[in-house]
**Q** 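Below is the structure I would like to discuss, written out as structure tokens.
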Amino acid sequence: MLSAEEFRKYAHQMVDWIADYYQDIEKYPVKSQVAPGEIKAQLPDYAPQKGEDMQDIFADFQKIIMPGMTHWQSPNFYAYFPANASFPSMLGEMLTSALGAQCMIWETSPAAAELEEQVMQWLRDMLGLPSSFSGVIQDTASTATLCALISAREKATNFSVNKIGLSQQRKMRVYCSTETHSSVEKAVKIMGLGKENLVKISVDEQQAIQLSVLENAISADIDAGYLPICVVAALGTTGTLGLDPLNELAELCKARNIWLHVDAAYAGSAFILKEYQHYLKGVEGVDSFVFNPHKWLMTHFDCSAYFVKDVDTLINSFAILPEYLKTATRGKVNDYRDWGVPLGRRFRALKLWFVIRSFGKEGLQKQIRHHIELAHKLAHLIREDDAFVLQIERMNLLAFYCQFSENQEVNNQKNQELMQKLNASGKLYLTHTKLKGQFLIRMVIGQTQVQEHHVVESWRLIKQTAEDLKVGYGA
Ligand SMILES: *Cc1c(COP(=O)(O)O)cnc(C)c1O
């Protein structure tokens with residue numbers, strides 16, 4: 001076992017390595033360039049019989065593991081959505097790791113429970129959510145959405161599914177748009193409703209849910225004997241950051257007595273800006289709301305902020321009370337194990353506290369505005385370029401294609417090739433989406449470290465690679 005003195009030595013060494021890593025991060029290929037199986041082939045078949053030297057383990061980390069890593073903290077990471085880290089967040093995580101506490105209930109670490117309560121209030125107020133909402137940190141938005149749907153199910157059935165199961169219930173239905181994240185379908189499957197009872201509603205030209213189609217679907221389902229339990233609104237769809245009309249959805253759900261859950265996993269961070277809070281009009285009518293500080297708010301994965309209007313419904317859906325968890329403080333404090341799926345909980349509020357205090361509300365706002373401005377500048381360059389078509393500019397997400405050919409199929413194939421060539425260069429990392437059969441290169445400019453020169457250089461590389469492809473194909 002490592003002694004405290006040895007720990008001190010290696011920890012200093014690794015902190016130095018971490019600082020160097022961040023300084024040199026642009027030297028690494030953003031997307032890992034290894035082939036399938038390449039890493040595993042370098043690992044021994046059996047666990048070591050005897051303990052090994054930390055120096056050797058660390059050397060293998062650098063030699064074997066690092067080449068198989070994709071560098072999410074590179075400023076040239078534009079793929080998916082970012083999973084932003086920051087130094088304050090990392091320092092918080094180091095301390096969480098040092099304490100190694102399991103924060104399932106108040107008694108197992110009162111500071112963890114009370115800090116979580118307070119930082120979630122800070123976040124709630126920063127976003128302009130109603131002061132009646134209570135917040136809890138979940139591991140992911142997928143888990144939060146599962147909690148929302150189960151709460152909706154229990155409320156709609158007077159908590160009877162938890163008691164007697166699904167077999168004697170009316171068939172339940174959940175609604176969302178075709179652009180809504182796959183975690184909704186996963187939740188519907190896990191909770192036993194069956195994915196055929198997730199009704200996917202078509203979207204309009206702005207990738208927002210079509211209200212009249214939704215209303216008709218709900219009415220038809222009620223006539224056919226179904227029980228509509230929940231509508232999931234997307235504020236910022238994964239493909240294109242489409243925004244559903246919250247105010248109208250809230251009115252509709254209120255009139256029909258249906259739970260309204262909001263999935264703002266990515267775009268939610270932008271609501272700390274006044275200029276984006278108008279998308280939250282009607283939010284008093286929402287039953288639950290999730291967004292991920294672990295995407296765009298400079299806080300390490302995992303940290304998903306889940307807010308509910310009626311905390312009793314959440315707790316009544318998830319509370320358990322075996323003898324060994326009975327405490328004298330129950331009812332006077334928040335026992336967060338009753339606010340979600342897992343019993344055990346990491347001390348995640350600490351890194352969030354470090355981030356919010358270190359950046360300040362203004363610092364966080366500045367960071368998000370900076371990303372949106374960078375995206376806006378690049379959008380301007382793409383629009384000015386005859387070879388490219390910019391299809392989407394929303395917040396800090398751009399989706400575009402290069403015009404190689406009039407034939408959509410050929411064009412799609414060449415744009416895919418363009419993206420793969422760019423990713424294989426290791427200089428940047430992009431992913432794609434499809435809109436009406438059109439392959440779009442999707443670029444999210446939101447990495448903690450990204451500056452204008454990264455974006456300008458990336459754009460130069462995109463144009464150059466597209467040129468090379470054209471020449472190569474004699475177009
Ligand atoms: C990323 C994302 C999710 C899933 O988030 P996890 O925290 O990884 O579960 C859900 N919805 C939207 C809109 C997302 O962007």
**Q** Thinking salt bridges, do Arg8 and Glu5 make one under a 4.0 Å N-O criterion?
**A** yes

**Q** Just by distance, do the side chain of Asp244 and the backbone of Leu246 share a donor-acceptor pair under 3.5 Å?
**A** no

**Q** If the threshold is 4.0 Å, N to carboxylate O, is there a salt bridge linking Asp302 and Arg346?
**A** yes

**Q** Between Phe81 and Arg442, is there a cation-pi geometry (under 6.0 Å to ring centre, at most 45° from the normal)?
**A** yes

**Q** Where the side chain of Arg153 meets the backbone of Ile229, is there a donor-acceptor pair that is under 3.5 Å apart?
**A** no

**Q** Of all heavy-atom pairs between Ser425 and Leu461, which one has the smallest distance, and what is that distance?
**A** OG-CD2, 4.1 Å

**Q** What do you reckon, is OH of Tyr10 surrounded by more than 12 foreign heavy atoms closer than 6.0 Å?
**A** yes

**Q** Can Glu275 and Arg369 be counted as an ion pair, charged N to O under 4.0 angstrom?
**A** yes

**Q** Can you check side chain to side chain contact (heavy atoms under 4.5 Å, CB included) on Leu95 and Phe347, steps first, answer last?
**A** CA-CA 9 Å; Leu95 297 178; Phe347 187 6; over 6 Å; no

**Q** Between Leu390 and Phe400, is a side chain to side chain contact (heavy atoms under 4.5 Å, CB included) present by the stated rule, with each step listed?
**A** CA-CA 4 Å; Leu390 180 68; Phe400 56 87; 4.1 Å; yes

**Q** Which heavy atom of Pro75 sits nearest to which heavy atom of Val450, and what is that distance?
**A** O-CG2, 3.5 Å

**Q** Look at the side chain of Arg337 and the backbone N and O of Gly344, then say whether any donor-acceptor pair between them is shorter than 3.5 Å.
**A** no

**Q** Between Asn412 and Gln408, does a side chain to side chain donor-acceptor pair (under 3.5 Å) hold up when you go through it step by step?
**A** CA-CA 6 Å; Asn412 282 357; Gln408 195 184 54; 4.6 Å; no

**Q** Between Lys366 and Glu373, is there a side-chain N and carboxylate O pair less than 4.0 Å apart?
**A** no

**Q** Spell out, as yes or no, whether a donor-acceptor pair under 3.5 Å connects the side chain of Asp287 to the backbone of Ala152.
**A** no

**Q** Quick check: closest heavy atoms across Trp296 and Ala270, and the distance to 0.1 Å?
**A** CZ3-CB, 3.7 Å

**Q** Check for a donor-acceptor pair, side chain of Gln365 on one end and backbone N or O of Leu273 on the other, with a separation under 3.5 Å.
**A** no

**Q** Do we get Arg124 above Trp122's six-membered ring, with its NZ or CZ under 6.0 Å from the centre and within 45° of the axis?
**A** no

**Q** Can you tell me if Met66 has over 12 outside heavy atoms packed within less than 6.0 Å of its CE?
**A** yes

**Q** Show the nearest heavy-atom pair for residues Leu398 and Ala375, with the distance to one decimal.
**A** CD1-O, 3.5 Å

**Q** Yes or no on salt bridge (charged side-chain N to carboxylate O under 4.0 Å, His left out) for Lys189 and Glu196, after CA distance, side-chain angles and deciding distance?
**A** CA-CA 9 Å; Lys189 289 200 279 187; Glu196 286 179 9; over 6 Å; no

**Q** Side chains of Thr140 and Thr143: do they bring a donor and an acceptor to under 3.5 Å?
**A** yes

**Q** Could you go through Glu185 and Ser182, starting from their C-alpha distance and side-chain angles, then the distance that decides it, and tell me whether this counts as side chain to side chain donor-acceptor pair (under 3.5 Å)?
**A** CA-CA 5 Å; Glu185 184 167 313; Ser182 54; over 6 Å; no

**Q** For atom CE of Met94, is the number of surrounding heavy atoms from other residues, nucleotides or ligands below 6.0 Å larger than 12?
**A** no

**Q** Atom CG in Asn84, atom CG in Leu297: separation rounded to 0.5 Å?
**A** 9.0 Å

**Q** What are the two closest non-hydrogen atoms of Thr237 and Gln207, and how far apart are they?
**A** CG2-O, 4.2 Å

**Q** Are the side chain of Asn292 and the backbone N or O of His294 linked by a donor-acceptor pair below 3.5 Å?
**A** no

**Q** Could you check whether Glu457 pairs with Arg460 (Lys NZ or Arg NE/NH1/NH2 to Asp/Glu carboxylate O, under 4.0 Å)?
**A** yes

**Q** May I ask you to say whether Glu93 pairs ionically with Arg348, meaning some side-chain N is under 4.0 Å from a carboxylate O?
**A** no

**Q** Could you state the interatomic distance from SG (Cys303) to NZ (Lys351), rounded to the nearest 0.5 Å?
**A** 5.5 Å

**Q** Between Thr145 and Ser142, is there a donor-acceptor pair closer than 3.5 Å when you use the side chain of the first and the backbone of the second?
**A** no

**Q** Between His71 and Gln73 (side chain of the first, backbone of the second, donor and acceptor by atom type, cut-off under 3.5 Å), is there such a pair?
**A** no

**Q** Stepwise, does the ring-ring contact (aromatic ring centres under 6.0 Å, His included) test hold for Phe289 with Tyr306?
**A** CA-CA 6 Å; Phe289 179 101; Tyr306 179 54; 9.4 Å; no

**Q** Does the ring center of Tyr266 lie less than 6.0 Å from the ring center of Phe291?
**A** no

**Q** Under a 3.5 Å cutoff, is there a donor and acceptor pairing between the side chains of Ser458 and Tyr78?
**A** yes

**Q** Crowded around Glu452 CD? As in, over 12 foreign heavy atoms under 6.0 Å?
**A** no

**Q** I'd like to know if Arg383 and Glu393 make a salt bridge, using a cut-off of under 4.0 Å between side-chain N and carboxylate O.
**A** yes

**Q** Show the nearest heavy-atom pair for residues Asp335 and Trp106, with the distance to one decimal.
**A** OD1-N, 3.0 Å

**Q** Just checking Phe359: does its CZ atom have more than 12 heavy atoms from other residues, nucleotides or ligands closer to it than 6.0 angstrom?
**A** yes

**Q** For the backbone of Pro29 and the side chain of Gln33, can you confirm whether one donor and one acceptor N or O come within less than 3.5 Å of each other?
**A** no

**Q** Salt bridge (charged side-chain N to carboxylate O under 4.0 Å, His left out) between Lys427 and Glu26: does it pass, once the steps are laid out?
**A** CA-CA 8 Å; Lys427 297 266 197 301; Glu26 291 174 51; over 6 Å; no

**Q** Using a 3.5 Å distance criterion without hydrogens, assess whether the side chain of Arg173 forms a donor-acceptor pair with backbone atoms of Leu193.
**A** no

